[in-house]
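Just so you know, these numbers use all the heavy atoms, side chains as well, and skip hydrogens, waters and symmetry mates.
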There are 2 protein chains.
Amino acid sequence: MSDLLERLRGRGWRMTSQRRVVAEVLDGEHVHLTADEVHARAVRLLPEISRATVYNALGELVLLGEVAEVSTDGRAKRYDPNARHPHQHLVCSGCGLIRDVHPSGDPLSHLPPGERFGFTLSGVEVTYRGLCPSCV
Amino acid sequence: MSDLLERLRGRGWRMTSQRRVVAEVLDGEHVHLTADEVHARAVRLLPEISRATVYNALGELVLLGEVAEVSTDGRAKRYDPNARHPHQHLVCSGCGLIRDVHPSGDPLSHLPPGERFGFTLSGVEVTYRGLCPSCV
DNA sequence: TCTTGACTTGGATTGCGTCCATCGTAGGAT
DNA sequence: ATCCTACGATGGACGCAATCCAAGTCAAGA
């Protein structure tokens, strides 16, 4: 377990048993869970936790920058606990498998000044698509 | 008006009055409409057209490669009639404005071999985020 | 220990999209 | 020009993901 809980406490996040289990579910994981999957795992640790609470906690973790929202398939959003380490995603068009990847260079730098239209850039999301080895 | 209707006919797309108005709505536009917005505009040209038909036609245009699906906000998908010209998107975090942009170089080439995990890459989507001039 | 404002609950509600049985029609065949 | 029939359109029901809300509960500072 990392120091996610410590960081949250230190930032004044009011700690409840529900928020603790949501954070714990995400902390150990290196996968990309949907809100329902997070809820299912949280229920194992705290049977009475509600869906709404899981949504609330996830939304706050996103605002705090501890978790990233990933929507790669137009269906349920997924939650990526690796938000503190910048990365992009590689998604299998066959089975939906998601891998964290690290492109070379800074993706932001590839948008020429003439293509910025006066915007103040704050970030960039890159989704590579393809077929994983199992899907040929 | 471009030759979208001609291309569709040439590819054996059965032409109905409903499909024609959906194609016409998209053809003149350089914006990124939701399915509901496409339906609203189609209704002006053909009052009795149904939402299901608009969804069907949009789905087929996507499969034909004439229109691209864009989901930049986790809400309704948007339909981009500029699919035949490769491009990426720049999205304003304030007002949701979407602009087509053209990064330098091929985004696919920025994923090193060691980060491809045996995938056969087929494409990449890049979404730049920032604030447009109106949103400061 | 007390107090209070923040958090949780779960059922209702919304938003977006899909499904399906039935009706209508485009376009080839005659 | 007319007929056929397979493909498309219809719209209401349905499903999933997510949010809302009013009432109950509780963490943490005083």
Indicate if B:V91 and A:V124 have the same hydrophobic cluster label, given that clusters are the connected sets of ILVMFWY residues with side-chain heavy-atom separations under 4.5 angstrom. no
DNA chain C: 5'-most and 3'-most nucleotides touching chain A, 4.0 angstrom heavy-atom criterion: C:dG5 to C:dG10
So, [X] side chain and [Y] main chain: donor-acceptor pair closer than 3.5 Å or not?
X	Y	value
B:R116	B:L111	yes
B:R11	B:L64	yes
B:E37	B:T34	yes

Aromatic contact, B:H89 with B:H32 (centres under 6.0 Å): yes
Between B:H110 and A:H110, does the ring centroid distance fall short of 6.0 Å? yes
Around atom CZ of B:R20, are there more than 12 heavy atoms of other residues, nucleotides or ligands at under 6.0 Å? yes
Whole-Å distance between D:dA9 C1' and B:L46 CG? 10 Å
Atom CG in B:L33, atom CZ in B:R78: separation rounded to 0.5 Å? 7.5 Å
How does protein contact run along nucleotides 18-30 of chain D, one letter per nucleotide 5' to 3', with B for base contact, S for sugar-phosphate only, - for none, heavy atoms under 4.0 Å? BBB-----BBS--
